[in-house]
Colleague: 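Here you go, one structure.
Labels below follow one simple rule: chain letters A, B, ... track the order of the sequence lines, proteins then strands, and each chain is numbered from 1. All values reported here derive from a predicted model rather than from experimental measurement.
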2 protein chains.
Amino acid sequence: MADPNLGVLLFIPYRHMEQRIIAALNRAGYPVTAAQAHIFQRINDEGSRLVELAEAASTTKQNAGFLVDQLEKQGYVERVPDPRDARARLVRITARGREAVAVAAGVEAAIEREWREHLGADETEQLRAALLRLRQITDPYA
Amino acid sequence: MADPNLGVLLFIPYRHMEQRIIAALNRAGYPVTAAQAHIFQRINDEGSRLVELAEAASTTKQNAGFLVDQLEKQGYVERVPDPRDARARLVRITARGREAVAVAAGVEAAIEREWREHLGADETEQLRAALLRLRQITDPYA
DNA sequence: CTATAGTAGTCAAATGCATTGACTATTTTC
DNA sequence: GAAAATAGTCAATGCATTTGACTACTATAG
């Protein structure tokens with residue numbers, strides 16, 4: 001791997017962060033898988049519909065439903081009826097879910113500090129800025 | 001998703017590139033899955049051992065073997081005995097495999113050009129440089 | 001030169017993840 | 001009010017990945 005392409009270069013630190021966050025959650029007593037986390041991350045504070053989650057995570061609604069079932073069984077989320085549409089239900093984060101989010105946020109902040117130390121503050125901000133701009137042309141749900 | 005963390009920001013363009021490359025390979029008559037591609041990418045010109053591929057792709061040797069089986073059936077790779085160690089076999093890319101690599105490389109180059117147009121040449125080079133430095137502290141097999 | 005530990009790879013079973021297709025219930029549109 | 005679209009579920013299937021146990025071969029130490 002002398003000169004890996006940008007895709008691989010993006011993937012390496014991504015995977016590193018994901019693995020560390022998931023390992024930390026497991027150690028702290030909040031078991032989650034990567035697939036569950038992908039869905040979980042997209043739930044917003046007012047609650048999100050299944051279809052929204054599926055789209056945002058680039059998967060099918062069936063798969064999203066399957067993963068939400070698991071998150072629900074573990075007590076991280078709950079499903080409540082959507083008052084605005086009787087077909088829909090809102091997936092909301094529970095108190096326990098919020099605890100898990102706090103643990104994940106802590107680890108993520110620690111990793112970002114490590115990266116900032118290694119890269120320097122300027123280069124880190126440039127990296128973030130470049131990734132935000134890249135998102136404009138690569139994220140269909142931005 | 002007002003202020004996504006760096007992990008998510010890394011993932012978005014990575015996935016975009018991966019999906020486009022795989023879609024292009026399928027269209028060109030070289031069907032591959034993402035998992036197969038992860039292994040395939042790590043095979044070097046002299047041929048690679050299964051254990052090396054498994055480590056580089058962060059998976060088990062069983063899983064690597066399973067995916068190499070599939071790549072072999074589709075004619076992208078072949079397994080030859082390793083002359084230096086009778087226990088081992090070398091996974092090598094076939095002529096057909098190299099055709100697929102060429103298609104993938106073409107699409108990847110096209111995507112990098114798009115990104116460069118959107119970000120500008122300087123910012124693209126800064127991005128690449130930052131990712132290479134980040135790799136130093138996030139890739140166990142760098 | 002032989003006993004031992006380590007390495008390369010396979011076999012088999014089980015689980016997790018993701019997809020497709022078909023279906024119900026509800027809302028929107030015309 | 002009828003037709004089309006949307007939110008979600010059920011069921012079946014295949015792909016991806018893991019764990020544990022195993023065979024074959026190599027390297028090392030005594």
Colleague: Tell me which residues in residues 23-33 of chain A lie within less than 4.0 Å of DNA chain C, going by non-hydrogen atoms.
Modeller: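 Output list: T33(A).
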
Colleague: State yes or no: do I22(B) and L67(B) share one hydrophobic cluster built from I, L, V, M, F, W and Y residues joined by side-chain heavy-atom distances below 4.5 Å, directly or via other members?
Modeller: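 Hydrophobic grouping puts I22(B) apart from L67(B).
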
Colleague: With sequence neighbours left out, write down each residue that passes ring-ring contact (aromatic ring centres under 6.0 Å, His included) with F11(A), or none if nothing qualifies.
Modeller: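 Counting only residues at least two positions away or on another chain, F11(A) forms a ring-ring contact (aromatic ring centres under 6.0 Å, His included) with Y14(B), H38(B).
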
Colleague: Could you list the residues that satisfy side chain to side chain contact (heavy atoms under 4.5 Å, CB included) with R92(B), not counting sequence neighbours?
Modeller: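 For R92(B), the residues satisfying side chain to side chain contact (heavy atoms under 4.5 Å, CB included) (neighbours in sequence not counted) are E78(B), V80(B).
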
Colleague: Counting only non-hydrogen atoms, which of residues 59-75 of chain A are less than 4.0 Å from DNA chain D?
Modeller: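 Close to the strand are K61(A), Q62(A).
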
Colleague: Which residues pass the side chain to side chain contact (heavy atoms under 4.5 Å, CB included) test with S48(A), not counting sequence neighbours?
Modeller: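 With neighbours one apart ignored, the set is I43(A), N44(A), E52(A), L53(A).
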
Colleague: Would you tabulate the side-chain donor-acceptor contacts of residues 104-115 of chain A under 3.5 Å, counting partners in other chains and residues two or more places apart, or write 'none'?
Modeller:
| from | atom 1 | to | atom 2 | distance (Å) |
| --- | --- | --- | --- | --- |
| E112(A) | OE1 | R128(A) | NH2 | 2.8 |
| E112(A) | OE2 | L6(B) | N | 3.1 |
| E114(A) | OE1 | R20(A) | NH1 | 2.9 |
| E114(A) | OE2 | R20(A) | NH1 | 3.4 |
| E114(A) | OE2 | R20(A) | NH2 | 2.9 |

Colleague: In whole Å, what is the span from the CG atom of L50(B) to the C1' atom of dT23(D)?
Modeller: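 After rounding, the gap between these two atoms is 15 Å.
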
Colleague: Taking only N/O atoms, report every protein-nucleotides 25-27 of chain D pair under 3.5 Å with atom names and distance.
Modeller:
| from | atom 1 | to | atom 2 | distance (Å) |
| --- | --- | --- | --- | --- |
| dT26(D) | OP1 | A86(B) | N | 3.0 |

Colleague: List for me each residue that meets side chain to side chain contact (heavy atoms under 4.5 Å, CB included) alongside F66(A), sequence neighbours excluded, and say none if there are none.
Modeller: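 Checked F66(A) against side chain to side chain contact (heavy atoms under 4.5 Å, CB included); matches are N63(A), Q70(A).
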
Colleague: Mind checking which nucleotides bracket the chain A contacts on DNA chain C, 5' to 3', with an atom under 4.0 Å from a heavy atom?
Modeller: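 Answer, 5' to 3': dC17(C) to dT27(C).
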
Colleague: Using the C1' atoms of the five pairs at each end, what is the angle between the end axes of the helix from dC1(C)-dG30(D) to dC30(C)-dG1(D), to 10°?
Modeller: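 Inter-axis angle at the termini of the helix from dC1(C)-dG30(D) to dC30(C)-dG1(D): 30°.
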
Colleague: Any side-chain to backbone donor/acceptor pair from R42(A) onto A37(A)? Under 3.5 Å, distance only.
Modeller: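 No.
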
Colleague: DNA chain C: A34(A) or S48(B), which has the more 5' nearest nucleotide?
Modeller: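 The residue closer to the strand's 5' end, by nearest nucleotide, is S48(B).
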
Colleague: Does the side chain of R15(B) come within less than 4.5 Å of S58(A)'s, by heavy atoms?
Modeller: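 In short, these two side chains touch, coming nearer than 4.5 Å.
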
Colleague: Does one hydrophobic cluster hold both V51(A) and I39(A), with members joined at side-chain heavy-atom distances below 4.5 Å?
Modeller: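 No; I39(A) is not reachable from V51(A) via cluster members.
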
Colleague: Judged by atom type as modelled, is there a donor-acceptor pair below 3.5 Å linking the side chain of H118(B) to the main-chain atoms of R133(A)?
Modeller: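 Such a contact is found between H118(B) side chain and R133(A) backbone.
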
Colleague: L90(B), L71(B): one ILVMFWY side-chain cluster at the under-4.5 Å cut-off?
Modeller: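 Hydrophobic grouping puts L90(B) apart from L71(B).
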
Colleague: For residues 22-31 of chain B, which residue pairs pass the side chain to side chain donor-acceptor pair (under 3.5 Å) check, not counting sequence neighbours?
Modeller: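 Residue pairs passing side chain to side chain donor-acceptor pair (under 3.5 Å), neighbours aside: Y30(B)-E99(B).
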
Colleague: For a 4.5 angstrom cut-off between non-hydrogen side-chain atoms, does D82(A) reach R49(A)?
Modeller: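 In contact.
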
Colleague: Using side chain to side chain contact (heavy atoms under 4.5 Å, CB included) as the criterion, list what pairs up with A86(A), not counting sequence neighbours.
Modeller: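 Partners of A86(A) by the side chain to side chain contact (heavy atoms under 4.5 Å, CB included) criterion come out as none, since no residue qualifies.
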
Colleague: Which pair of non-hydrogen atoms, one from Y76(A) and one from P31(A), has the smallest distance, and what is that distance?
Modeller: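 Nearest pair, atom of Y76(A) first, then P31(A): OH-O, 2.9 Å.
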
